[in-house]
Q: 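Have a look at the structure that comes next, please.
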Amino acid sequence: MNDLELLASLESVKDPCFERTLKDLKMLAGASEQDGRWTIQIQLPTHAYLCKEELTAAIKSAVAAAHPEAGDVDVEYSVKVLGKNAGGSIGLNVKNVIAVGSGKGGVGKSTVAAALAYGLQSFGATVGLMDADVYGPSIPHLVGADGEPEVIEKENPDGQKVQRLQPIMADGMPMMSIGFMIPEDQAVIWRGPMLHKLLTQFMQQTDWGELDYLIIDMPPGTGDVAITLSQMVSLAGAVVVCTPQKVALLDAVKAIGMYKQVKIPVLGIVENMSGDIFGRGGAAKKAEELSLAPLGEIPSDPVIREYGDEGQISRLFSEENPAKEPLEKMCAEVAGQIVLNSLDAPSMPSLEIL
Ligand code: ADP
């Protein structure tokens with residue numbers, strides 16, 4: 001038996017998280033032998049993967065069945081985040097741009113966006129967070145970031161001088177928000193062209209660096225920011241956040257319709273404040289009705305509100321607390337849905353005119 005024969009016997013093994021074969025998922029990266037012991041190399045398509053233990057067991061039993069002579073094997077994991085280099089045409093070096101939206105305010109959209117960003121980072125991914133909720137920027141408050149983004153003059157590859165915005169760093173994560181640029185209590189009326197200019201600065205003139213994921217906290221409801229974004233980059237998709245009760249679900253359905261209209265694929269629905277006075281499971285049911293993925297249920301938990309109010313959302317992942325597990329699951333569901341979408345469908349064309 002050689003490495004290719006060993007790997008061939010694993011091609012039809014189903015990944016317990018994705019329920020697809022290792023061959024389809026392109027996860028079989030190699031096999032090598034040292035001192036008579038084999039190691040199988042598995043390349044994961046995302047850091048946010050929660051099935052290592054089950055997959056290791058499935059691989060070991062498949063090897064034992066097909067090649068008993070191989071003996072006990074080791075399984076070694078590496079990660080190469082799957083993505084479509086969303087902003088190639090505007091020089092944005094991000095594999096996956098994820099919009100986090102909702103039908104209305106107050107459902108915990110910004111909290112979920114920040115938690116998604118820090119959760120993916122805690123798994124090991126490189127992540128940025130962009131606050132596009134221009135009508136109520138709350139990311140700076142949630143993550144405890146302030147300051148004014150610095151503008152640096154740089155030379156682009158053509159030798160031209162260009163102004164580049166430096167994102168604000170908070171707990172090792174680059175972020176941008178209109179909240180860094182205007183006083184907290186100042187209301188802003190946005191006209192279309194101003195909004196477009198601001199988003200262009202955030203996406204195109206900001207030194208984000210190389211990212212696996214850029215999470216965008218969208219304004220609730222309306223579609224103008226979504227349209228502008230979809231014209232600039234090819235988004236991996238939108239996560240729609242809602243609370244479990246009926247009225248909130250109706251708003252979420254409207255948001256889903258809006259994303260579909262502007263050709264941003266909807267990754268699924270996150271139910272936030274689940275199990276509260278609002279009930280539980282409504283979003284999963286609605287997702288099923290709409291043939292969308294349920295992306296997890298986040299309980300209503302004082303620790304989430306507390307850490308958010310204190311500007312310490314990242315602590316939800318660095319410390320033990322009751323919300324950690326459901327939040328990590330939500331991150332894995334979102335990242336997993338992106339992987340499945342990229343297997344199933346060629347990337348959606350970005351919108352040219354609207
Ligand atoms: P939105 O962005 O939808 O307007 P926010 O993220 O600002 O909503 O959240 C609204 C309020 O609800 C905040 O005070 C936040 O701390 C709280 N909150 C959000 N999600 C939860 C949760 N799962 N458990 C407890 N409090 C939450």
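Positions are given from 1, in the same order as the sequence printed here. Whatever order the structure lists them in is the order used to number ligands and atoms, beginning at 1.
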Q: Quick one: are P140 and D146 in side-chain contact, heavy atoms under 4.5 Å?
A: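 No - every pair of side-chain heavy atoms lies 4.5 Å or more apart.
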Q: Counting only nitrogen or oxygen atoms and a 3.5 angstrom limit, does P299 reach ligand 1?
A: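 Indeed, backbone or side chain, P299 has an N or O that close.
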Q: Report the nearest protein non-hydrogen atom to atom 25 (C) of ligand 1: residue, atom name, distance rounded to 0.1 Å.
A: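 Heavy-atom neighbour on the protein nearest atom 25 (C) of ligand 1: D301 O, 3.2 Å.
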Q: Report yes if T111 has an N/O atom closer than 3.5 Å to an N/O atom of ligand 1; otherwise report no.
A: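 N/O-N/O distance below 3.5 Å exists for this pair.
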Q: Looking only at heavy atoms, what is the nearest atom pair of D171 and S314, with distance?
A: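 In terms of heavy atoms, the two residues are closest at OD2-OG, 3.0 Å.
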Q: Determine, counting only non-hydrogen atoms of the protein, whether one lies under 4.0 angstrom from atom 11 (C) of ligand 1.
A: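 Flag for atom 11 (C) of ligand 1 set to false, no protein heavy atom closer than 4.0 Å.
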Q: Polar contacts were defined as any N/O atom of the residue lying under 3.5 Å from an N/O atom of the ligand; does this apply to N272 and ligand 1?
A: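 Yes, there is a polar N/O contact under 3.5 Å.
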Q: Do the side chains of K286 and E289 get close enough for a salt bridge, i.e. N-O under 4.0 angstrom?
A: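 Yes, K286 and E289 are salt-bridged.
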Q: For I264 and A226, work out which heavy atoms get closest and say how close.
A: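 Minimum heavy-atom separation between I264 and A226: CD1-O, 3.8 Å.
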Q: Heavy-atom distance to atom 17 (C) of ligand 1: which of R305, E306, E297, K104 wins?
A: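 Selected option, by shortest heavy-atom distance: R305.
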Q: Side-chain contact, heavy-atom cut-off 4.5 Å: D74 with T56?
A: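 A side-chain contact is absent here, since even the closest heavy-atom pair is not under 4.5 Å.
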Q: Can you tell if the side chain of Y118 reaches within under 4.5 Å of the side chain of Q312, non-hydrogen atoms only?
A: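 They are not in contact (no side-chain heavy atoms under 4.5 Å apart), so the answer is no.
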Q: May I ask you to identify the nearest protein heavy atom to atom 18 (N) of ligand 1, giving residue, atom name and distance to one decimal place in Å?
A: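 Checking every protein heavy atom, the shortest distance to atom 18 (N) of ligand 1 gives M273 CE, 3.8 Å.
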Q: Among S110, G136, G308, G108, which one has a heavy atom closest to atom 2 (O) of ligand 1?
A: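 Of the listed residues, S110 has the closest heavy atom.
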Q: Would you say that M176 contacts W208 through its side chain, given a criterion of any heavy-atom pair below 4.5 Å between the two side chains?
A: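 Side chain of M176 against side chain of W208, heavy atoms only: contact under 4.5 Å found.
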Q: Under 4.0 Å from a heavy atom of I304: which atoms of ligand 1 are those, numbered in the order shown and with their elements?
A: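 Every atom of ligand 1 under 4.0 Å from some heavy atom of I304: 21 (C), 22 (C), 23 (N), 24 (N).
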Q: Before signing off on this row, confirm whether G106 and ligand 1 have an N or O atom pair separated by under 3.5 Å.
A: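 Yes - when backbone and side-chain N and O of G106 are compared with those of ligand 1, one distance drops under 3.5 Å.
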Q: Does an N or O from V107, backbone or side chain, lie closer than 3.5 Å to an N or O of ligand 1?
A: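 Checking ligand 1 against V107, an N or O pair does fall under 3.5 Å apart.
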Q: Quick check: do V63 and L6 have side-chain heavy atoms less than 4.5 Å from each other?
A: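 Counting from C-beta outward, V63 and L6 do come under 4.5 Å.
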Q: Looking only at non-hydrogen atoms, which of K109, E310, H141 approaches atom 3 (O) of ligand 1 most closely?
A: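 Nearest heavy atom to atom 3 (O) of ligand 1 lies in K109.
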